[in-house]
Student: 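Pasting a structure below so you can have a look.
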Amino acid sequence: MGKRALVLSGGGGRGAYEVGVIRALYRAGWIPEIFVGTSIGAVNAAALAAGWTAERLVDFWMHLRTHHVHRLHGRIWQSLFTTAPLRATLIRHLDFDRLNDPDNPRALLVLATDLRRGCPVVFANRPVPKARRVQIGPEHLLASCSIPYVYPATPVEGSLFWDGAVMANTPLNAAIEAGADEIVAVLLAPMPGEAGGWPLPRHPLQALALVLDLALLATFENDYRQLEAINRAVRQGRPLKPGHREIRCHVIAPAAPLPLSRILRYDLAGTQALIAQGEADAQRIFEALGL
């Protein structure tokens, strides 16, 4: 069996949807060795890479509230919210020593955007091509979560970082570089091109949500279509480049856009609904794929 990778998108409180997918994956016996995440997806990925079970992650989210993640910033000219509560939550719950233990069999890759260099950076807890090997700490996860202006930029290793979603909200290529043979990518918006997935906006807020989701999906869609083209060429016996191999990639995504308001809200009712939706969507896709 080849290496399995789980790629988790960013989306704030909508990350509860990923938790439902993870519960279904683990229940079906699909356990990855490589965890890749952006923003809230990086937090979920770090928890699993540190050895959490799916049920422990569910329990964490069931108790997670907005005040555990952010509060209004006293200096709104810098950002709307401060991430100090999220830092405290990460330190309280995650075992970073275990996460970075050389004997830990699980690889973690976290995407953030380097403001000084104007490029994406992948932080990794082990050597991975095109990634920066570091001892991953709360600052790396906060960097990945630093939505521009909503949260302040996070200083890491002499530079400032914004949310990884600025460059790639679902970093498929990071999983490929880490050696994955099979990938499950979890999106927090419908896959572009899916019929009926994108209702026409009826007011400005819905239009804003649509623009945001489409922008966040653009890089993933390009990477996914490119991977499909490589896989077709490999199956036909004419790889586009030496060393190309087939990499199976399954995409799990909601059928309709998740509420924009859920990005900044963490409450029990919303979390339960999103977990249930993610679990049901994953199960439906498993059945279609025969997994």
Side-chain angles (χ1 to χ4, degrees), residues 6-32 35 37-71 81 83 85-86 88-90 92-94 141 144-145 147 150-151 165 169-170 184-191 194 196-197 199 205-206 209 212-213 216 250-288 291:
L6 179 63
V7 179
L8 301 173
S9 304
R14 298 197 291 191
Y17 178 89
E18 296 173 344
V19 178
V21 173
I22 291 162
R23 174 187 256 177
L25 285 172
Y26 277 51
R27 186 175 292 159
W30 198 94
I31 312 296
F35 298 87
T38 295
S39 200
I40 197 64
V43 174
N44 286 334
L48 296 172
W52 285 23
T53 63
E55 293 308 316
R56 183 175 176 186
L57 186 60
V58 169
D59 183 69
F60 170 78
W61 272 84
M62 288 295 190
H63 292 88
L64 191 65
R65 299 293 180 266
T66 301
H67 67 270
H68 296 138
V69 178
H70 55 238
R71 64 172 181 267
F81 300 96
T83 51
L86 179 56
T89 298
L90 294 173
R92 184 181 311 117
H93 292 280
L94 285 182
L141 302 183
S144 186
C145 291
I147 304 171
V150 175
Y151 300 131
N169 196 42
T170 312
V184 168
V186 186
L187 308 183
L188 296 178
M191 183 69 175
E194 294 295 327
L205 186 59
Q206 286 184 345
L212 177 62
D213 280 335
L216 292 178
H250 315 299
V251 179
I252 300 176
L258 302 177
L260 182 65
S261 62
R262 299 262 26 121
I263 291 178
L264 297 178
R265 289 176 57 194
Y266 298 77
D267 58 60
L268 181 58
T271 291
Q272 287 176 320
L274 287 172
I275 289 176
Q277 184 178 349
E279 193 169 359
D281 286 351
Q283 189 59 47
R284 186 184 70 252
I285 291 171
F286 293 166
E287 292 171 359
L291 296 179

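Just so we're clear, the structure is a prediction, and the values are computed from it rather than from any experiment.
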Student: I'd like to know if the side chain of R71 and the backbone of H68 have a donor-acceptor N/O pair within less than 3.5 Å.
Tutor: no
Student: What residues form a side-chain hydrogen bond (donor to acceptor under 3.5 Å, both in side chains) with S9, not counting sequence neighbours?
Tutor: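 Residues passing side-chain hydrogen bond (donor to acceptor under 3.5 Å, both in side chains) with S9: T170.
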Student: Which residues pass the side-chain hydrogen bond (donor to acceptor under 3.5 Å, both in side chains) test with R27, not counting sequence neighbours?
Tutor: E279
Student: What salt bridge (charged side-chain N to carboxylate O under 4.0 Å, His left out) pairs are there with at least one residue in residues 47-61, not counting sequence neighbours?
Tutor: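 Sorted result for residues 47-61: R23-E55.
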Student: Do any pairs count as a salt bridge (charged side-chain N to carboxylate O under 4.0 Å, His left out) and have a residue in residues 251-261, sequence neighbours left out, and if so which ones?
Tutor: none
Student: Under the salt bridge (charged side-chain N to carboxylate O under 4.0 Å, His left out) definition, can you give me all pairs with a residue in residues 258-277, not counting sequence neighbours?
Tutor: R262-D267, R265-D267
Student: Name all residues meeting the ring pair (Phe, Tyr, Trp, His ring centres under 6.0 Å) criterion together with H63; count only those two or more places apart in sequence or in a different chain, and write none if there are none.
Tutor: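 Counting only residues at least two positions away or on another chain, H63 forms no ring pair (Phe, Tyr, Trp, His ring centres under 6.0 Å).
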Student: Given C145, which of L86, T83, V69 fulfils the side chain to side chain contact (heavy atoms under 4.5 Å, CB included) condition?
Tutor: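 Exactly one pass, corresponding to L86.
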Student: Looking at every heavy atom in both A189 and A253, which two are closest together, and how far apart are they?
Tutor: O-CB, 3.5 Å
Student: For A16, give me all partners under side chain to side chain contact (heavy atoms under 4.5 Å, CB included), at least two apart in sequence or on another chain.
Tutor: W61, T271, L274, I275
Student: For W52 and H93, work out which heavy atoms get closest and say how close.
Tutor: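 Nearest pair, atom of W52 first, then H93: CZ2-O, 3.5 Å.
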Student: Mind checking side chain to side chain contact (heavy atoms under 4.5 Å, CB included) for A45 and listing every partner two or more places apart, or none if nothing turns up?
Tutor: L8, F35, L108
Student: Under the salt bridge (charged side-chain N to carboxylate O under 4.0 Å, His left out) definition, can you give me all pairs with a residue in residues 39-48, not counting sequence neighbours?
Tutor: none
Student: Looking at residues at least two apart in the chain, or sitting in another chain, which of them share a side chain to side chain contact (heavy atoms under 4.5 Å, CB included) with H70?
Tutor: T66, F81, Y151, L264, Y266
Student: Closest approach of A255 and P190, non-hydrogen atoms and distance?
Tutor: O-CG, 3.8 Å
